[in-house]
Amino acid sequence: MIVMKFGGTSVGDAGAISRVCEIVGGRRLLSPVVVVSALAGVTDGLLRLETITQNGTREDLRVAIEHLLNRHRSIAHALDLPPAFLISIEADGTALLRDLESRLGTMLNEEARDSLASRGELWSSRLVAAALARAGLPADWVDVRPVLRTDERFGRATPDLVGLSDRGRLTFGRLLEAGRIPVTQGYIGSTVNDRTTTLGRGGSDFTAALLGTALDAQRVEIWTDVDGIMTADPRIVPEARTLAAVSYEEAGELATFGAKVLHPATQLPLAQAGIPIQILNSFAPDRNGTTIADIDPTSEEADTPIRSISLKKGITLVTVRAVRRPGPNTFLHALFETCERHELGLDVLTCSEAGASLTVDDPARLEKALPELRRLGELRVEPGRAIIAVVGTGLRDTPGIAGRTFAAIADTNVEVISQGASAINVTFVVREEYASNAVRRLHDEFFGTVVCA
Ligand code: ASP
Ligand code: MG
């Protein structure tokens, strides 16, 4: 069997969903399980209802929910889907309005927020299942939540891997054996008590990976709106090209450092199971895309030791200079403890007993941690930074890459430099306004394009 995951833009409108039907139909003999994201923009739209609940009126809520439902209705209309299938979406929209009305003027708790956000995938999967059925395919809508059990960390729940395979086979295996095509939700799960959770933004890829592992898939296909993983963001480097193959480790590093194509946790379970991932473009399904697998870095695309240069903006650089106190130095311990407790998720970190520089991409979490960080020493907080990561397995055993990297951006003011523990990336922090130029120069250095900065 294979898992086929379609992202938000790939199911964003009637035309996109028609293409999905063709693509799935073409792979019918491979026994696909279809995993979908919410329609593009719907998760954001749902999460905006939280603010409306807090500050708006009943009428504001009604209008906003109608707007979201209309997206689904108009697609159903355009694809000429039987009206019956909309009933469940309509009923859920009404239930949602009632629920949020009863919370007007209050802040949603994390559980209510997850229940809200989960609607996007619940609705889109109904739509896609109905569209596939309309196209003559034996599609069945499946609620993923009883299969994808998680802990109770609403908003970023951790899946329970114990028994996942059994639950998956019970639900999906049975349908596949009967020649059916299950259509289910990415991003959402539930606790053992059936309370709906989410895996964190962009989590549908992770769901696809988990189901692929649980069902021992031949491969997991991630269908999106670009051709695959590229040597750089083409909006910054027009000459950037799509990579035919990258290793699991490289894909993980690139996702962590800003490549939006894949959720950073996706490759972990699949790497362990040795299941390849294919990134494909649902708007150009004949292109080869990028394969993520156990590849030999010396044989594939060996012309360059570097695979890609990624860029992550919206970073805050925090520098702490330790206050010297008599007795044993507990600075690092206290620093790590604070970062861990506030779940700061540091991407780049350089430290010694004298102080540390670290990057944080979540200003709200940082804000909460600041009073404690201040107690550790003299603090500098600099927003508006970007992380650039040069990633490639070749970094490990090709001498001189770090030197070439720094020579290429010699005139850029680099604030922090770090070589990742995996030894397949060199990362550095620069001011956001210098970032694009630095990426272009690095691309030029490693991929030989001629650029005028
Ligand atoms: N719909 C969710 C989001 O927008 C999950 C996903 O698309 O992967 O984050
Ligand atoms: Mg995504």
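Ligands are counted one by one from 1 in listed order, and the atoms in each one are counted from 1 as well.
Ring geometry, Phe206 versus His263: the interplanar angle falls under 30°, so the pair is classed parallel (tilted spans 30 to 60°).
Inclusion of Glu121 in the set of residues having an N or O under 3.5 Å from an N or O of ligand 1 is warranted. When only interatomic distances are considered, the shortest N/O to N/O separation between Gly200 and ligand 1 does not fall below 3.5 Å.
Counting only heavy atoms of the protein, atom 7 (O) of ligand 1 lies nearest to Ser37 OG, 3.1 Å. When only non-hydrogen protein atoms are considered, atom 3 (C) of ligand 1 lies nearest to Arg201 NE, 3.3 Å. Summary of contacts: the protein heavy atom closest to atom 6 (C) of ligand 1 is Ser204 OG, 3.3 Å.
Under the 3.5 Å distance criterion, with hydrogens and angles disregarded, no donor-acceptor pair is assigned to the side chains of Arg195 and Ser190. Side chains of Ser88 and Arg126: a donor on one and an acceptor on the other come within 3.5 Å.
Shown here for Leu108 and Arg113, the closest heavy-atom pair between the two residues is O-NH2, 3.6 Å. Of all heavy-atom pairs spanning Gly155 and Asp114, the tightest one is N-OD2, 2.7 Å.
Heavy-atom contacts of Gly203 reach the following atoms of ligand 1: 5 (C), 8 (O) (cutoff under 4.0 Å). Near Tyr187, the atoms of ligand 1 lying under 4.0 angstrom from a non-hydrogen atom of the residue are 2 (C), 5 (C).
Proximity of His263 to ligand 1, defined as any heavy-atom pair under 4.0 Å, is not found for any part of the residue.
Atom CD of Glu432 has more than 12 neighbouring heavy atoms from other residues, nucleotides or ligands inside a 6.0 Å radius.
The shell of residues lying under 4.0 angstrom from ligand 1, judged by heavy atoms, excludes Gly120. Proximity of Gly8 to ligand 1 is not established, as no heavy-atom distance is less than 4.0 Å.
In summary, Arg48 and Asp60 do not engage in a salt bridge, as defined by a charged side-chain N under 4.0 Å from a carboxylate O.
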